[in-house]
Colleague: 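Pasting a structure here, questions to come.
Chain A is the first sequence line, chain B the second, and so forth, proteins listed ahead of strands; every chain is numbered from 1.
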Amino acid sequence: MNIIQETKRRLAVALGDAAAAARAAGEISFDELPDFVIEAPRDKSHGDFAANLAMLLAKQARQSPRNVAAALVRHLEIPQPGVARIEVAGPGFINFTLDQSWLLPVLPAVLAEDEHYGWSNIGQGVKVQVEFVSANPTGLLHMGNARGAALGDSIANLLTATGYEVCREFYINDAGNQIENFGLSLEARYLQAFGQEAEVPPDGYHGEDLVATVRHFIARYGDKYLDADPTLRREMLVRFALEEKLAAIRQVLEDFGVVYDVWFSEQYLHDSGAVARAITDLEKNGYIYEKDGALWFKASDFGEEKDEVLVRKNGLPTYFAADIAYHRNKFERGFQRVINIWGADHHGHVARLKGALQALGYDPGRLEVVLMQLVRLYQGGEVLRMSKRTGHYVTLNELIEEVGRDAARYFFVMLKSDSHLEFDLDLARSQSADNPVYYVQYAHARICSILRLAKERGLAVPPAREANLDLLREPAEVELIKQVASLPETVAGAALALEPHRLTRFAHDLASLFHSFYTTCRVLADDPELCQARLVLVEATRITLRNVLYLLGVTAPERM
RNA sequence: GCGCCUGUAGCUCAGCUGGAUAGAGCAGCGGCCUUCUAAGCCGCGGGCCGCAGGUUCGAACCCUGCCAGGCGCGCCA
């Protein structure tokens, strides 16, 4: 528990007691203590914390909020130590102003906790799986996949930091129709390479990358499959190409700072009988019927408009059937929470998958789907349409090369997932300082520079308890400490909401407060005592910045 | 037609789950480098929070109805 959270708790308890005391004294009446909040007011003149309890009690008490507030304050046992002033303000807020030094203990704590500062154990070791990207292994990753990668990885980081046991997983769509198409496309390219007449199917994969893949195939196997049985030929081509494509995907994700724990094959679900078993069990539970030669799942029993086909007329199970088996498999592997990062174009899939899981006896609430709106690319003020089929899209590889991993990751996570992301390629390509990530990284580099210089002068960051932290009285110092102190709450809140974009805002604010501090306060000051105190503050800021950047998957450079 | 998401400053977006005078970045204008990194700091201008009702002490946030944009509604994935 961190200082801010602890203080809020203490104030809340004291207010609750005050309410009870005021009631006992007959000054106000209420049945049940409402759920009130203690929060930091936006305006500093309103103190360090404000409580809205009086406003919430006013109706039950049949008195004006300000009267209730006055009664509460009269009966308030002032929580010690630390509260310097209490006042009733505005419509009935109770504002608390704390002693100037109340936050100082956070600095030794930051230095002591170091790379774990901001972390917590809210998750209590609960097993969580985060599945993200899971792109078709038939090509390169595009901007949508990139957003999913940045988002999913940061969410996984957040959950790890809050005490969950996290597994990152990539679901490989190596079965079904698109693989058929993939095989036909590869085959066409193979035959073309030997001068034969062949065409990539209209709904096949037209990207130039397949030509290269086939070239690699030929380098190994030559014309061995030119006159072979087409089924075998396609199988060999697909096997080879999948391996190559997956290796490339794995590599680019690694370059993006994303490393998976598990790569899970869809084909395995078919081969192991898991898909068949899921269908049998749904049937057992009475959610399956046959119509037009196909097997249907009664999604309409779960509020869906239409039922869904699980097994086609031709006897092949649908993607949906495999997905049901897959998600059941996740639960069977012991994950309490299962989180999927999906593009918004899959939103229609959510309810029926939850329905199917419920039909299998699982609590559908254990599956959480984070939907992200699609990325729209702009270039020269024009929308750039992305399409895998035409082979016309900007890849993650290109993105990393042109704007760099740090900027790309920061950019993708900066927006909340349900807002549409407009990616201006011209701006990104310009590699200008406009990119907010540089602003944050620059603060870190500046701190490192101060610490380097201090070291050259024989000054080290002192043990925090030996420094006279009470000297940190400048407004810029106080504000900086406050921000440093609020990291644990920010991390916990972002993890709870699965919203890593809150981290970018925090990082920006922290950098901004540091830059202000830097121009107002000289760290390597003439006064040795003040210098020591400021070295502690600067070190705590460095740790906080580095930790939040780590969660974002962005490096914290020591020089820029 | 139905469902989901979005609509906040010229542009791109925040707004901590209903709080006090709605905030950043970019763009514009004006200042600040002989001392720890100017990729920085300080200041100024800029808003019917899409529209209209409702809920309550209090609404950008919750409810209803419209309007606009995106996405989905396949025996594709």
Side-chain angles (χ1 to χ4, degrees), chain A residues 37 39-43 45-46 50 52 54-56 58-59 64-66 89-93 95 136 173 175-179 181 203 266 291-296 304-306 308-314 316-320 322-323 343-351 371-374 376 414-424 427 432-443 445-454 457 486 489-490 493-494 496-497 499 501-502 504-506 508-509 511-512 514-525 531 534 538 559-560:
Chain A
V37 294
E39 59 186 1
R42 191 192 305 279
D43 188 335
S45 69
H46 294 133
N52 64 348
M55 278 110 80
L56 299 176
K59 190 159 201 177
S64 79
R66 288 193 68 112
F93 286 103
N95 292 341
N136 278 338
N173 302 129
N177 257 332
Q178 88 280 5
I179 291 295
N181 265 329
D203 54 349
E266 178 186 354
K291 194 182 95 182
D292 303 332
L295 278 190
W296 296 71
E304 282 292 273
E305 256 179 76
K306 300 175 202 168
E308 286 296 316
V309 171
L310 290 179
V311 181
R312 303 183 186 96
K313 195 161 41 180
N314 64 11
L316 294 175
T318 58
Y319 175 85
F320 180 48
D323 225 15
D345 51 340
H346 286 67
H347 85 264
H349 198 54
V350 178
L371 291 174
M372 46 169 195
Q373 295 299 317
L374 304 180
R376 209 172 349 168
M414 195 165 47
L415 270 51
K416 58 175 187 252
S417 63
D418 49 14
S419 46
H420 303 263
L421 197 158
E422 307 206 354
F423 203 107
D424 187 331
L427 181 70
S432 70
D434 296 345
N435 202 311
V437 71
Y438 294 124
Y439 182 81
V440 177
Q441 289 181 314
Y442 183 56
R446 260 185 158 177
I447 292 172
C448 291
S449 169
I450 295 172
L451 295 176
R452 266 197 308 272
L453 192 65
R457 296 187 187 174
S486 66
E489 255 192 324
T490 302
L496 180 72
E499 289 184 350
H501 78 272
R502 296 187 190 191
T504 60
R505 197 162 53 89
F506 176 91
H508 177 271
D509 291 347
S512 173
F514 171 75
H515 286 312
S516 295
F517 160 81
Y518 181 88
T519 43
T520 340
C521 304
R522 198 177 162 77
V523 177
L524 304 178
C531 175
R534 284 182 174 165
V538 155
R559 295 169 199 273
M560 283 176 77

Colleague: Under 4.0 Å: is that the gap between some side-chain N or O of A:N177 and OP1 or OP2 of B:C76?
Modeller: yes
Colleague: Find the partner of B:G23: check Watson-Crick (N1-N3 plus N6-O4 or O6-N4) and G-U wobble (N1-O2, O6-N3) distances, both under 3.5 Å, and reply none if neither fits.
Modeller: B:C13
Colleague: Applying the Watson-Crick and G-U wobble criteria at under 3.5 Å, what pairs with B:C33? Answer none if nothing qualifies.
Modeller: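 B:C33 is unpaired by these criteria.
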Colleague: Determine whether any donor atom in the side chain of A:N181 lies under 3.5 Å from an acceptor atom in the base of B:A77, or the reverse, and answer yes or no.
Modeller: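 Result: no qualifying N/O pair found.
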Colleague: Any side-chain N or O of A:Y438 less than 4.0 Å from the OP1 or OP2 oxygen of B:G25?
Modeller: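 Indeed not, no polar side-chain atom of A:Y438 lies that close.
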Colleague: Can you tell me the pairing partner of B:A68 across any strand shown, Watson-Crick or G-U wobble, with both distances under 3.5 angstrom?
Modeller: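 By the stated definition (distances under 3.5 Å), B:U6 pairs with B:A68.
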Colleague: Want to settle it: does A:S419 or A:F320 sit nearer the 5' end of RNA chain B, counting the closest nucleotide to each?
Modeller: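 Upstream on the strand: A:S419.
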Colleague: Mind telling me whether B:C16 is syn or anti, cutoff 90° either side of 0?
Modeller: anti
Colleague: Is any side-chain N or O of A:R446 closer than 4.0 Å to OP1 or OP2 of B:A38?
Modeller: yes
Colleague: Counting side-chain heavy atoms from C-beta on, which of B:U21, B:C5, B:A14 comes nearest to A:K416?
Modeller: B:A14
Colleague: OP1 or OP2 of B:G74 versus the side-chain N and O atoms of A:K306: is any pair under 4.0 Å?
Modeller: yes
Colleague: Please tell me which of A:T318 and A:G90 maps to the more 5' nucleotide of RNA chain B, matching each residue to the nucleotide holding its nearest heavy atom.
Modeller: A:G90
Colleague: Side chain of A:Q178 only, heavy atoms from C-beta on: which candidate in B:C5, B:A77, B:C75 is closest?
Modeller: B:A77
Colleague: Applying a 3.5 Å limit to both distances, which nucleotide forms a Watson-Crick or G-U wobble pair with B:G1?
Modeller: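 Pairing partner, where one exists within any strand: B:C73.
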Colleague: Is it the case that B:G72 (base atoms only) and A:H346 (side chain only) share a donor and an acceptor within less than 3.5 Å, ignoring hydrogens and angles?
Modeller: no
Colleague: Need one value for A:D323: base, sugar-phosphate or nothing, where a base atom within 4.0 Å counts as base even if backbone is also close, heavy atoms only.
Modeller: nothing
Colleague: As a test of the definition: with a 90° window around 0 for syn, would you call B:U17 syn or anti?
Modeller: syn
Colleague: With a 4.0 Å cutoff (strictly under), does any side-chain N or O of A:R502 reach OP1 or OP2 of B:C13?
Modeller: no
Colleague: Out of B:C5, B:G15, B:C36, which has the shortest distance to the side chain of A:Q373?
Modeller: B:C5
Colleague: From the set B:U37, B:A77, B:C42, return the single nucleotide nearest to any side-chain atom of A:S516.
Modeller: B:C42
Colleague: Can you find a side chain N or O atom of A:T519 that sits less than 4.0 Å from OP1 or OP2 on B:C41?
Modeller: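 Answer no for this pair, as no side-chain N or O of A:T519 is under 4.0 Å from OP1 or OP2.
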Colleague: With side chain to side chain contact (heavy atoms under 4.5 Å, CB included) as the criterion, how do A:N177 and A:Y319 come out once you've worked through the C-alpha distance, each side chain's angles and the decisive distance to 0.1 Å?
Modeller: CA-CA 9 Å; A:N177 257 332; A:Y319 175 85; over 6 Å; no
Colleague: Test the A:R446-A:Y518 pair against the cation-pi criterion, namely NZ or CZ under 6.0 angstrom from the six-membered ring centroid and within 45° of the ring axis.
Modeller: yes
Colleague: Counting only side-chain nitrogens and oxygens, does A:H420 get under 4.0 Å of the OP1 or OP2 atom of B:U12?
Modeller: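 Result: no.
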Colleague: Looking only at atom C1', what distance separates B:A27 and B:C63, rounded to whole Å?
Modeller: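 Those two atoms are separated by 39 Å.
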Colleague: Please determine, for B:A39, whether a Watson-Crick or G-U wobble partner exists with both distances under 3.5 Å, and give it or none.
Modeller: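 For B:A39, the partner nucleotide comes out as none, under the 3.5 Å rule.
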Colleague: For B:C61, give the paired nucleotide (Watson-Crick: N1-N3 plus N6-O4 or O6-N4; G-U: N1-O2 and O6-N3; both under 3.5 Å), or none.
Modeller: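 Checking every strand shown, B:C61 finds no partner, since no pair has both distances under 3.5 Å.
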Colleague: Is A:D345 side chain donor-acceptor paired with the B:G72 base, going by distance under 3.5 Å alone?
Modeller: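 Side chain to base: no pair below 3.5 Å.
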Colleague: Using the side-chain heavy atoms of A:I450, tell me which of these nucleotides is nearest: B:C57, B:C13, B:C36.
Modeller: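 Side chain of A:I450 sits closest to B:C36.
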